[in-house]
Amino acid sequence: MSRAQRVVELLARGYPDARCELDFRTEWQLLVATVLSAQCTDARVNQVTPVLFDRWPGPAELAAAPAEEVEAVIRPLGMFRQKTSALKKAAQAIIDRHNGEVPAEIDALVALPGVGRKTAKVVLGEGLGIPAGVTVDTHVRRLARRLGLTDLEDPEKIAAELERLLPRDEWIRFSTRLILHGRRVCSARSPRCAECVLGGVCPKVGVKR
């Protein structure tokens with residue numbers, strides 16, 4: 001069994017009920033929350049989105065909302081002007097191009113303002129159950145290198161390499177589990193190797209011994 005296969009197996013044992021930690025009820029809400037999570041924690045996003053979604057639950061409402069009012073709600077998350085602009089433009093594009101529905105194709109998603117491939121993969125995977133690829137955030141990038149699954153730096157190249165190593169039906173859960181593992185156990189500076197479910201297969205690349 002390859003190291004990648006063992007990592008998949010051990011992560012599944014360690015995080016059997018892993019799910020995205022952003023709170024959402026619709027694909028639109030997941031898209032919004034994912035955009036808001038840039039340079040911000042999921043926990044902080046979850047503190048803001050109940051008010052945001054209550055006032056502007058869908059693309060039509062957000063597209064019509066005064067920018068300054070949206071900015072006031074999401075200000076605690078940082079980059080609030082850029083995020084407001086991107087979300088309002090994405091909302092309008094969804095109305096104009098997709099009849100108000102979040103598209104279920106990655107090319108259509110990444111064509112929306114403010115939506116990159118990482119966000120598109122999250123929306124398709126976590127929101128619609130479509131394995132469009134491995135989502136590579138800072139945790140996945142760091143842990144994939146630490147686990148010796150890649151020596152690449154670019155997130156899209158790392159994603160492509162992981163997609164070659166992993167079966168397609170594991171792409172969604174692998175990303176979710178590795179993100180949780182990075183947050184809870186395998187931190188950048190002080191990984192808790194003694195309690196790590198991957199201890200038996202991890203070469204600890206870059207970890208000071």
Just do the salt bridge (Lys or Arg N to Asp or Glu O under 4.0 Å) check on Arg184 and Glu21 with the steps written out, would you?
CA-CA 12 Å; Arg184 298 175 183 179; Glu21 293 191 317; 3.0 Å; yes

Does the pair Leu178 and Tyr15 meet the rule for a side-chain contact (heavy atoms from CB on, under 4.5 Å), with working shown?
CA-CA 9 Å; Leu178 203 58; Tyr15 303 91; over 6 Å; no

Begin from the C-alpha positions of Glu71 and Thr84 and carry the test side-chain hydrogen bond (donor to acceptor under 3.5 Å, both in side chains) through to its verdict.
CA-CA 6 Å; Glu71 289 173 1; Thr84 295; 4.8 Å; no

Stepwise, does the side-chain contact (heavy atoms from CB on, under 4.5 Å) test hold for Leu143 with Cys202?
CA-CA 10 Å; Leu143 267 63; Cys202 181; over 6 Å; no

Could you please spell out the steps behind the side-chain hydrogen bond (donor to acceptor under 3.5 Å, both in side chains) verdict for Gln5 and Ser2?
CA-CA 5 Å; Gln5 291 172 312; Ser2 70; 3.3 Å; yes

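For the atom pair Cys40 SG and Gln47 CD, the distance stands at 8.5 Å (nearest 0.5 Å). Rounded to the nearest 0.5 Å, atoms CG (Leu166) and CZ (Phe174) are 5.0 Å apart. Taking NZ of Lys83 as the start and OG of Ser37 as the end, the distance is 7.0 Å to the nearest 0.5 Å. Considering CZ of Arg13 and CG of Leu198, their distance stands at 11.0 Å, rounded to 0.5 Å. Note that CE of Met79 is 6.0 Å distant from CD of Gln39, once rounded to the nearest 0.5 Å.
Of the charged side-chain nitrogens involved, none lies within less than 4.0 Å of a carboxylate oxygen, so that Lys157 and Glu161 do not count as a salt-bridged pair. Under the 4.0 Å criterion applied to side-chain N and carboxylate O atoms, Glu69 and Arg55 are assigned as salt-bridge partners.
Among all heavy-atom pairs drawn from Gly100 and Pro59, the shortest one is O-CG, 3.8 Å. Taking each heavy atom of Ala63 and Ile95 in turn, the nearest pair found is CB-CD1, 3.8 Å. Nearest approach of Lys204 to Gly199, heavy atoms of both residues: NZ-O, 3.8 Å. Closest non-hydrogen pair, Leu112 versus Ala93, comes out as CD2-CB, 3.7 Å. Across all non-hydrogen atoms, the minimal contact from Pro57 to Gln29 is O-NE2, 4.2 Å. Of all heavy-atom pairs between Thr150 and Leu152, the closest is OG1-N, 3.0 Å.
Connection of Leu11 to Ile179 is established within a shared hydrophobic cluster, with ILVMFWY side chains joined at heavy-atom distances below 4.5 Å, either directly or through further cluster members. The hydrophobic clustering, which links ILVMFWY residues whose side-chain heavy atoms are closer than 4.5 Å, places Val45 and Leu62 together. Put simply, Leu165 and Ile172 are part of two different groups of oily side chains (I, L, V, M, F, W, Y) that touch within less than 4.5 Å, one to the next. Residues Ile130 and Leu31 fall within the same hydrophobic cluster, defined by Ile, Leu, Val, Met, Phe, Trp and Tyr side chains chained together at heavy-atom separations under 4.5 Å. A continuous path of Ile, Leu, Val, Met, Phe, Trp and Tyr side chains, each step under 4.5 Å between heavy atoms, connects Val110 with Trp28, placing both in one hydrophobic cluster.
Between Glu101 and Ile94, the closest side-chain pair of non-hydrogen atoms is not below 4.5 Å. Looking only at side-chain heavy atoms (C-beta outward), Lys121 and Trp171 stay at 4.5 Å or farther from each other. Proximity of Arg177 to Glu170: side-chain heavy atoms (C-beta onward) are separated by under 4.5 Å at one or more points. Between Leu109 and Thr119 there is no side-chain heavy-atom pair separated by less than 4.5 Å. Residues Leu162 and Val140 form a side-chain contact, since some pair of their non-hydrogen atoms from C-beta on lies under 4.5 Å apart. Arg183 is listed as a side-chain neighbour of Asp42, based on a closest heavy-atom distance under 4.5 Å. Arg44 has its side chain within reach of Pro76: a pair of non-hydrogen atoms, C-beta onward, lies under 4.5 Å apart. Between Leu147 and Val205, every side-chain heavy-atom pair lies at or beyond the 4.5 Å cut-off.
Within the structure, every pair that satisfies the side chain to side chain donor-acceptor pair (under 3.5 Å) test and touches residues 123-144, not counting sequence neighbours, is listed here: Glu126-Arg173, Glu126-Thr176, His139-Arg142, Arg141-Glu153.
By the salt bridge (Lys or Arg N to Asp or Glu O under 4.0 Å) test, Glu105 pairs with no residue at all, sequence neighbours left out.
Cation-pi contact between Arg75 and Phe80: present, with separation from the ring centre below 6.0 Å and deviation from the ring axis of at most 45°.
A side-chain donor-acceptor contact under 3.5 Å links Glu163 to the backbone of Val134.
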